[in-house]
Amino acid sequence: MLPNKCGLGEIMSNDIDWDSLTFSLTPTDTMYLTETKQDEAWMPGDLRPYGNMSISPAAGVLNYGQGLFEGMKAYRTANDRVVFFRPEENARRMQRGADRLKMPPVPESVFIDAVEQVVAANLKWIPPMGKGALYVRPLLMGSGPVLGVSPAPSYTFLVYVTPVGPYFKGGVTAIDLLISEEYHRAAPGGSGGVKAIGNYAPGMMPSKKAKAAGYSEVIYLDAETHSCIEEVGAANFFCLKDGILYTPELTGTILPGITRDSIIKLARKNGMEVIETKVTAEFAMSADEAFCCGTAAVISPIGSITKGENKTVYGNGIPGEITTALYDQLTGIQSETSPDTFGWLHEVPTN
Ligand code: PLP
Ligand code: COI
């Protein structure tokens with residue numbers, strides 16, 4: 001089979017059917033890794049073949065979950081470039097998470113250099129424009145051995161990449177969500193506001209249960225009053241009522257999503273009123289449109305929300321007008337089919 005040429009002059013992988021991409025792992029060629037000790041500076045790391053690593057059985061990350069991850073995407077654009085979307089925000093969020101989990105924060109310059117290097121080394125795995133993106137997964141973990149519950153003596157920062165398509169089954173169609181009345185994602189004073197790896201495993205059982213019952217994901221309510229929407233699995237929540245956009249305010253238990261922040265800025269630039277506030281399930285279920293958002297989820301329209309015996313269907317299950325407009329604007333910027341008026345794109349040097 002002849003290799004596909006992409007506009008950037010390099011070869012694109014032939015092993016992938018770009019039209020069937022889902023949000024799943026395809027091993028790529030190259031990853032990045034660097035290590036440091038507690039209280040020592042991070043030094044730039046190096047590229048190496050993607051593959052298994054050896055780690056101490058007593059590693060802090062394995063025993064006590066001392067680890068963080070990030071999620072970013074590299075896109076091919078209409079201008080024949082490869083770009084990141086606001087990568088500095090991912091670097092800063094990981095630094096805030098490192099403070100919370102008592103790990104040495106990776107300097108922004110090391111973080112950006114790492115993600116640029118890995119993407120440049122895996123160009124052939126970046127899907128053609130409009131078919132998906134190269135998902136970039138930075139990980140920071142306590143890799144040194146420790147027995148008592150305390151910070152590990154040494155740390156690893158690594159970055160791997162994988163081509164991805166839509167996060168939810170069925171692509172960009174409206175999803176059906178179930179409000180979890182039994183489980184919570186985060187509690188005040190906990191780690192819900194950072195991307196701690198330990199935040200995610202407890203969501204797997206509720207999520208699987210909801211999927212088995214025919215829903216795409218669960219919506220979590222706040223752990224104090226059990227009445228306000230916090231997040232949709234691993235994505236932020238928005239709803240539109242009487243022309244005003246509402247999203248749960250950042251109280252420390254919600255992850256400050258970069259997509260969330262971008263949508264707020266885009267909507268305000270469009271002249272819309274956006275209110276960050278407590279959004280009760282009751283209010284959300286009386287809204288005109290709803291969607292969730294994130295790097296993986298992009299903007300996913302919500303077709304229905306179920307809470308116990310009650311079910312709200314939005315717009316007959318068809319994505320709402322404002323939801324669709326925001327989706328088009330966000331993805332237009334990311335693919336450079338619309339101007340990047342906010343200066344959000346960061347070009348990846350590819351030679
Ligand atoms: N909420 C949670 C819990 C997440 O894991 C993510 C994904 O990163 C998001 C929200 C969305 O954040 P972002 O838009 O920065 O990807
Ligand atoms: C992301 O949107 O990048 C996430 O991290 C969500 C998920 C895949 C955990």
Side-chain angles (χ1 to χ4, degrees), residues 60-71 89-90 92-103 105 139-142 146 148-152 167 177-211 213 215-239 246-261 264 275-285 290 292-297 302 305-308 310:
V61 66
L62 296 182
N63 291 259
Y64 301 122
Q66 196 188 20
L68 289 167
F69 74 94
E70 267 302 328
E89 297 300 325
N90 296 90
R92 289 173 202 152
R93 186 166 65 190
M94 186 171 251
Q95 290 182 335
R96 294 195 297 273
D99 283 343
R100 180 67 182 82
L101 299 195
K102 203 68 195 117
M103 297 195 280
L139 285 174
L140 171 61
M141 61 185 129
V146 61
V149 181
S150 59
Y167 186 58
L177 300 176
L178 176 69
I179 291 186
S180 174
E181 298 187 280
E182 202 176 345
Y183 303 103
H184 294 288
R185 193 192 81 91
S191 60
V194 298
K195 271 180 89 75
I197 59 171
N199 292 345
Y200 293 81
M204 292 177 189
M205 184 266 273
S207 176
K208 280 277 177 208
K209 266 189 173 173
K211 284 175 186 166
Y215 300 97
S216 292
E217 193 43 279
V218 286
I219 294 183
Y220 290 108
L221 300 179
D222 74 286
E224 273 183 304
T225 70
H226 316 283
S227 62
C228 297
I229 291 187
E230 297 225 306
E231 302 213 43
V232 178
N236 294 117
F237 179 84
F238 280 84
C239 63
Y246 297 85
T247 191
E249 63 186 346
L250 299 177
T251 52
T253 51
I254 293 174
L255 191 83
I258 296 157
T259 320
R260 173 189 179 279
D261 181 70
I264 293 173
I275 303 182
E276 297 177 70
T277 183
K278 297 202 185 312
V279 178
T280 62
E282 204 183 348
F283 179 84
M285 290 178 78
C292 65
C293 68
T295 301
I302 298 173
I305 296 181
T306 299
K307 183 171 189 278
N310 301 321

Minimum-distance pair of heavy atoms, taken over all atoms of V279 and C239: CG1-SG, 4.1 Å

Pairwise side-chain contact, Y246 with I275, heavy-atom cut-off 4.5 Å (strictly under): yes

Residue among R93, K195, R92 satisfying salt bridge (charged side-chain N to carboxylate O under 4.0 Å, His left out) with E70: R93

Positive for side chain to side chain contact (heavy atoms under 4.5 Å, CB included) with F238, one of V232, I264, I229: I264

E224 CD: over 12 foreign heavy atoms closer than 6.0 Å: no

H184 side chain to Y220 backbone, donor-acceptor under 3.5 Å: no

Given D261, I258, T259, the one that forms side chain to side chain contact (heavy atoms under 4.5 Å, CB included) with E89: I258

For the student: nearest non-hydrogen atoms of V218 and A210, plus distance: CG1-CB, 3.5 Å

Nearest-0.5 Å distance, CE of residue M103 to CD of residue Q95: 12.0 Å

Point-to-point distance, once rounded to the nearest 0.5 Å, from OG1 of T306 to CG of L178: 6.0 Å

Heavy-atom side-chain proximity of S227 to D222 below 4.5 angstrom: yes

Check: P151 and Q66 side chains under 4.5 Å, non-hydrogen atoms: yes

Side-chain heavy atoms of E282 within contact of K307, under 4.5 Å: no

Interatomic distance, S180 atom OG to E230 atom CD [nearest 0.5 angstrom]: 11.5 Å

Shortest non-hydrogen contact from A281 toward L221: CB-CD2, 4.1 Å

Exercise: identify the closest heavy-atom pair between N199 and S191: OD1-OG, 2.7 Å

Close side-chain approach of S207 and E217, heavy atoms under 4.5 Å: yes

Check: G294 main-chain N/O paired with N236 side-chain donor or acceptor under 3.5 Å: no

Closest approach of A186 to G192 (non-hydrogen atoms, all atoms of both residues): CB-CA, 3.6 Å

Student check: side-chain heavy atoms of I254 and F237 closer than 4.5 Å: no

Salt bridge flag under 4.0 Å for residues E231 and R185: yes

Side-chain heavy atoms of C293 within contact of R260, under 4.5 Å: yes

K278 versus T251, closest heavy-atom pair with distance: NZ-CG2, 4.0 Å

